Amino acid sequence: MNEQKTNFDTETSRDDSDVILDVRNLDVYLNTYSGRIHAVRDVSFTLKKGETLVVVGESGCGKSMTARAIMQLLPEKISEVGERSQILFNGTDILKMPEKKKETELRGKYISMIFQDPTTFLNPTMTVGEQIAESLLLHSKMKKKEAMEQALSLLKMVKITNPEKRIRQYPHELSGGMRQRVMIAMALACEPKILIADEPTTALDVTTQADIMELIRELQEKMGTSVILVTHDLGIAAEVGDRIQVMYAGEIIETGTKSEIFKKAVHPYTWALMKSVPSAQSQTEEKLYSLKGTPPDLIAPPKACAFAPRCEYCMGICRRLHPVMAAESESHSAGCWLMHPDAPKPEQLGKGGTI
Ligand SMILES: Nc1ncnc2c1ncn2[C@@H]1O[C@H](COP(=O)(O)OP(=O)(O)OP(=O)(O)O)[C@@H](O)[C@H]1O
């Protein structure tokens with residue numbers, strides 16, 4: 001079997017003029033007291049204009065570090081990006097941009113990010129209006145008065161109640177949902193080409209979650225922004241995603257359109273994630289499936305399939321060789337030895353089959 005690791009999805013889309021972001025061979029290392037963590041491992045993917053790409057996976061699988069690498073907001077001092085890595089925004093490698101340009105052009109103007117917890121992002125000593133205006137002043141030639149007027153229209157756009165009052169309030173005076181709306185207003189202030197949303201609704205109650213996701217979708221349609229949404233919630237992925245990218249142990253293990261992933265997933269890890277989603281039926285009739293074991297330690301990531309120790313369909317080869325990323329269709333690919341033409345069908349496999 002072929003040992004070389006390729007990513008057919010990226011290969012097929014390299015010539016695509018619709019591609020706004022092209023991430024190639026991204027490696028992120030974090031130098032911690034416990035050791036050097038290989039948090040993102042050879043990740044390649046593209047994002048098209050106007051689409052929503054959802055990145056899913058368990059905690060610690062590298063979703064946030066991938067998102068932060070694009071925004072160039074990796075943990076200071078301890079992080080390192082691999083030498084061969086490239087992050088091309090409209091053809092320009094973000095990793096080679098001077099720091100000043102990243103500050104004044106890249107962040108906010110071209111790419112914006114919203115986080116799970118707005119309190120760590122919003123400045124507690126400035127009013128909501130001043131903060132939105134500040135971001136406008138940084139990226140445009142507006143005067144302060146004009147920026148404050150624009151801040152008010154942005155607060156109206158994100159449908160905050162009583163915007164004339166909110167604009168003069170401080171973050172601590174607002175509810176969690178309102179603070180999240182303020183962060184979205186700030187992120188969209190300069191009409192970025194890409195919005196990265198890292199678990200934007202995790203800290204909110206279910207109703208507010210739905211409102212915020214609806215808001216992001218509405219604004220995306222209106223402004224034509226491309227969105228990368230990081231979530232561990234497959235329900236949200238099913239609702240808003242055009243394409244889904246499943247990550248495990250710092251790698252992409254399956255990627256495809258929403259219907260390919262939800263109806264025709266081929267990787268046992270994706271199957272396990274799907275089975276763990278509560279449905280109306282599972283809540284009343286059966287115990288919810290829970291994936292046993294934990295993801296591997298990324299200080300010494302396995303050389304072979306990282307999911308093998310937890311996989312019900314694990315074969316001998318899975319413990320020896322890294323799987324090849326293989327194409328199911330032009331838009332659907334996965335890294336699993338079960339896809340090899342010589343592999344037995346999953347239903348024929350007992351634990352630890354041989355190939
Ligand atoms: N600031 C940090 N310092 C040290 N290690 C970190 C830091 N942030 C993340 N890591 C480690 O990097 C790896 C990838 O983490 P990452 O946050 O990207 O995962 P994730 O999939 O986004 O999970 P979560 O949903 O829990 O944030 C994990 O092993 C994690 O422990």
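Predicted, not measured: the structure shown is a model, and the values here were computed from it. Atoms within each ligand, like the ligands themselves, are counted from 1 in listed order.
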Note the single closest protein heavy atom to [atom], along with its residue, its atom name and the distance in Å.
{"atom": "atom 17 (O) of ligand 1", "value": "S64 CB, 3.6 Å"}
{"atom": "atom 7 (C) of ligand 1", "value": "L30 CD1, 3.9 Å"}
{"atom": "atom 4 (C) of ligand 1", "value": "T32 CG2, 3.5 Å"}
{"atom": "atom 25 (O) of ligand 1", "value": "K63 NZ, 3.4 Å"}
{"atom": "atom 9 (C) of ligand 1", "value": "M65 CE, 3.6 Å"}

Scan residues 213-228 for pairs that pass side chain to side chain donor-acceptor pair (under 3.5 Å), counting only residues two or more places apart or in two chains. T52-Q220, K159-E218, E214-R217

Candidates A67, G60, A39, S59; heavy atom nearest atom 28 (C) of ligand 1 found on G60

Measure from atom 3 (N) of ligand 1 to every heavy atom in L298, V230, I78, L74 and give the option owning the shortest one. I78

Given the protein's heavy atoms, is any one of them under 4.0 Å from atom 13 (C) of ligand 1? yes

Is atom 20 (P) of ligand 1 touching the protein, meaning some protein heavy atom lies under 4.0 Å away? yes

Side chain of [X], backbone of [Y]: donor and acceptor closer than 3.5 Å?
{"X": "R310", "Y": "G293", "answer": "yes"}
{"X": "K144", "Y": "E130", "answer": "no"}
{"X": "T201", "Y": "Q209", "answer": "no"}
{"X": "Q72", "Y": "A69", "answer": "yes"}
{"X": "N25", "Y": "S85", "answer": "no"}

Give every residue pair that meets the salt bridge (charged side-chain N to carboxylate O under 4.0 Å, His left out) criterion with at least one member in residues 76-91, sequence neighbours excluded. D27-R84, R36-E80, D42-R84

So for E58 against ligand 1, with non-hydrogen atoms under 4.0 Å, the contacting part is backbone

When you look for heavy atoms under 4.0 Å from ligand 1, do you find them on the side chain of T66, its backbone, both, or neither? neither

Give yes if a backbone or side-chain nitrogen or oxygen of I37 is under 3.5 Å from a nitrogen or oxygen of ligand 1, and no if not. no

So the atoms of ligand 1 within less than 4.0 Å of a heavy atom of C61 turn out to be 19 (O), 20 (P), 21 (O)

For P75, atoms of ligand 1 separated by under 4.0 Å from a heavy atom: 1 (N)

Give a yes-or-no answer on whether the side chains of T231 and D233 include a donor-acceptor pair shorter than 3.5 Å. no

State whether R107 and E99 are salt-bridged, where the test is any N-O pair (Lys NZ or Arg NE/NH1/NH2 against Asp/Glu carboxylate O) under 4.0 Å. yes

